[in-house]
Amino acid sequence: VEASIPEPQREAWLKHQVSGFKDKDGFESEVVRHVETTLARSMFNCDESAAYSACSLAFRDRLILEWNRTQQRQTFVDSKRLYYLSLEFLMGRALDNAMLNIGQKDTAKAGLADLGFRIEDVIEQEHDAALGNGGLGRLAACFLDSLASLNYPAWGYGLRYRYGIFKQEIIDGYQVEVPDYWLDFNPWEFPRHDVTVDIQFFGHVRKSTDENGRTVAHWEGGEIVKAVAYDVPIPGYATPSTNNLRLWSSTAASGEFDFQKFNNGDYESSVADQQRAETISAVLYPNDNLERGKELRLKQQYFWVAASLYDIVRRFKKSKRPWKEFPEQVAIQLNDTHPTLAVVELQRILLDLEGLEWDEAWNIVTNTFGYTNHTVLPEALEKWSVPLIQHLLPRHLQIIYDINLYFLQSVERRFPEERDLLGRVSIIEESQPKMVRMAHLAIVGSHKVNGVAELHSDLIKTTIFKDFVTIFGPDKFTNVTNGITPRRWLHQANPRLSELISSKTGGKDFLTDLNELNKIELYVKDKAFRKEWADIKLANKERLAKHIKASAGVTVDPTALFDVQVKRIHEYKRQQLNIFGVIHRYLTLKAMSPEERKKQQPRVSIFGGKAAPGYWMAKQIIHLINSVGKVVNNDEDIGDLLKVVFLEDYNVSKAEIIIPASDISEHISTAGTEASGTSNMKFVLNGGLIIGTCDGANIEITREIGENNIFLFGNLAEDVEDLRHAHTYGTHEIDPDLNRVFQEIEKGTFGSTQDFAALISAVRDHGDYYLVSDDFHSYIETQALVDDAYRNQEEWITKCITSVARMGFFSSDRCINEYAEGIWNIEPLRVEKEEGA
Ligand code: NBY
């Protein structure tokens, strides 16, 4: 149906064109209007939550107008678009970000004050949009901010989970998971009940022959679930460009079957069908870096991928271009292997529905996709069982087999001598049951494959994907080092530091060109600048100290060294190394005379992060941290010399409080296991130093800021294999200091020894896979260097300022420009600023 208004009537539309609020007065009247009409309340029952809702709606109205103009412009120019497919978008709060990106936070602050509210309290009302696990999901959110800020035509596609990542409660020192129902009232989404796609599952494949003698496959039967689009506007910073994040929600298809059941009086089963359909988008899987092969997860993946591709193809077909131009109009990036079925689905559309020949279709497919790998951990590499795919997606399995056949044939022709090569690179693993290796499928189906930091990109080329480099050549494999958005992670999270920087760099340009930060290096010796710098850090630490008191009940001294490790709890990230080090510190302090103790640097060890609900070892680590805290924090010999805090429910909005308050943060993964890390960048950007291993982006951070400004320790990635081999086949000597720590735990100093036995035996008896003992001594020594360095506050501040000045490289703007040029081949498209806005 043509929905466009005919020419003669358009004048009426133009005459009544809507525009958002322009100033404080306009803002206030929008807020009052929303309170009184949209929310049906009044000044007699307007609490902070209502103020939040109304304020958000006022901003949302503005955003959607710019969204409309951006989308119209993109449709009109019809240039190439990027589609970023990610099962996770860890957005955090939207209101503060929208106010800052639009440049109207001061307006809102004054307006809210007139209406009787403090803007900070209003911002605090918002529930985090927590549709992600950790780094991978937050990276997607930073990318959306940069894409919009750089005016790239780009959409994100994801799932609208009813429950985001669980809320973490700490009860008696243990993690307890509570569901995160966040959609009660979400002013940031626009339901598009008119944008729906029917998604098919199960059924069978029938083959027929068309008039040209060509075999045609028909996927028939099975069941249909309906995908409904929800759009979230993504504002660019200091630009009218507003991109779209489209999230799909599942619901029952209102097909004949339902009606029949209903008419037959089978009301219960028609409700059950509805519920079963809604289950698909109900919950985010809470595993990071672990794949578990659940059927519902595969359903999620296909549901989301099929809906997104249908949408993308529908948009392309409107342009009436020939199919071969598809890759000139469309770039699709696969955020890890989670959306890899998109490769198969596009091939199916072109082959079965559009009637293209295999080779022509496959050419289009491979020129469209790019694949980003985020891990080398074997347990995180996705595999799906062949029988499961056969059952759920019978036609897709056939296509996967055909892709594999043609791929292996070409490999065999080129490497006839290499008998083992075929088995190693095959998309199908010949196990029992057979498995589809999603990373292999993603590589074969894409024109570029990238890692997320230099070391990681080198590692995938020399280890897990080595054979594919031989087959496709080295140019297919590339690196794009991760980045973070300075808008959220500096300007929003640390407004005073942002203000100080802008006063020295000549305005806010550093927020769109982060290399401008290097100008502050000129002020590294400026007394007033340094004083203000130190004041800001202290104020941020005071704010965190208040939060620690309120949430964990622990009193901490804001002048102590704040040592922070916040990230998902995982053995490879080695929170156990950190807590063993804390115990070592405690024992060392206990052994000192009171006089000696007075000379020691006071420290607060702050932990935060969620363990996957099924990851027992990670949960034991949390329990140990809390148990150590309970003992240390109540030891009168120790006092303020050492406090140990576990902050409950680490998420994006808590990160915005924690990160600006750190003096040192820990990024201490076993070398070669952390693909990049992105919080390392956030901490340094906020004037904190880091202690870390030679892993992920730590290496490039060192290169940028200088090795005098970072505390590196531990074995190198190149030595890990040999060390592990020695643990298993040689004698495994545990570091003596670490052994003392183990003995103390086993004495029961920190309570129930049973729970902690597994943490100890992983190191002592089971091969110490993560090299905790090998790195322990070097870690303890380096922590002592941190204490010494911190005592020299003048030197310390110099290190901090110098580091911040050199962090320009780690903007996600740089990162997105690299993708745009090297992988997506897309150009910015500016939208003119609206008259009078
Ligand atoms: O991606 C992280 C990496 O660990 C980190 O080093 C990197 O900086 C970041 C961005 O590139 N990976 C990550 O967060 N992965 C997940 O959250 C994740 C989630 C689900 C699954 C696997 C990994 N899964 O298979 O279900």
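As the structure lists them, so they are numbered: ligands from 1, and atoms in each ligand from 1.
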Ligand 1 contact by L87, heavy-atom criterion under 4.0 angstrom: no

R162 NZ/CZ over Y181 ring centroid, <6.0 Å and within 45° of normal: no

Shortest protein contact, atom 11 (O) of ligand 1 (heavy atom only): H374 ND1, 2.7 Å

Close-contact set for ligand 1 against G135 heavy atoms, below 4.0 Å: 1 (O), 9 (C), 10 (C), 14 (O)

4.5 Å side-chain heavy-atom contact, V652 and R93: no

Minimum non-hydrogen distance to atom 16 (C) of ligand 1, winning option of L377, D288, L381: D288

Pair R487 + D145, salt bridge at N-O below 4.0 Å: yes

Non-hydrogen atom of H338 closer than 4.0 Å to ligand 1: yes

N or O pair under 3.5 Å between E674 and ligand 1: yes

Any side-chain donor near an acceptor of the partner, E382 and H338, under 3.5 Å: no

Close side-chain approach of F166 and P613, heavy atoms under 4.5 Å: yes

Enumerated ligand 1 atoms positioned under 4.0 Å from heavy atoms of N287: 19 (C), 20 (C), 21 (C)

Ion pair K619/E177, N-O distance below 4.0 Å: yes

Ligand 1 contact on N482 by region, counting heavy-atom pairs under 4.0 Å: side chain

Polar contact flag for N133 and ligand 1 (N/O pairs, less than 3.5 Å): no

Atom 23 (C) of ligand 1 [closest protein heavy-atom partner, distance rounded to 0.1 Å]: N289 N, 3.1 Å

Atoms of ligand 1 close to E88 [distance to a heavy atom under 4.0 angstrom, numbered from 1]: 19 (C), 20 (C)

Carboxylate-amine/guanidinium proximity below 4.0 Å for K610 and D649: yes

Distance filter under 4.0 Å to Y572 heavy atoms, resulting ligand 1 atoms: 4 (O)

Taking atom 25 (O) of ligand 1 as the reference point, the nearest protein heavy atom with its distance: E291 OE1, 3.3 Å

R292 to ligand 1, any heavy atom closer than 4.0 Å: no

Geometric class of the Y84/F143 ring pair [parallel <30°, tilted 30-60°, perpendicular >60°]: perpendicular

Value rounded to 0.5 Å, distance of NZ in K567 from CD in Q575: 7.5 Å

Close N or O approach (V452, ligand 1; < 3.5 Å): no

Residue-ligand contact R297/ligand 1, heavy atom below 4.0 Å: yes

Ligand 1 contact on L136 by region, counting heavy-atom pairs under 4.0 Å: both

Residue L290 vicinity, atoms of ligand 1 by number, heavy atom under 4.0 Å: 24 (N), 25 (O), 26 (O)

Option nearest atom 8 (O) of ligand 1 (shortest heavy-atom distance, choices G677, S669, A697): G677

Geometric class of the F468/H440 ring pair [parallel <30°, tilted 30-60°, perpendicular >60°]: perpendicular

Any N or O of A675 closer than 3.5 Å to N or O of ligand 1: yes

Contacting atoms of ligand 1, where contact means under 4.0 angstrom from a heavy atom of S676: 6 (O), 8 (O)

Lys/Arg cation over aromatic Y285: K294, 6.0 Å, 45° cone: no

Salt-bridge present (E189, R160; N to O < 4.0 Å): yes

Validation row: Q168, Y650 side chains within 4.5 angstrom (heavy atoms): no

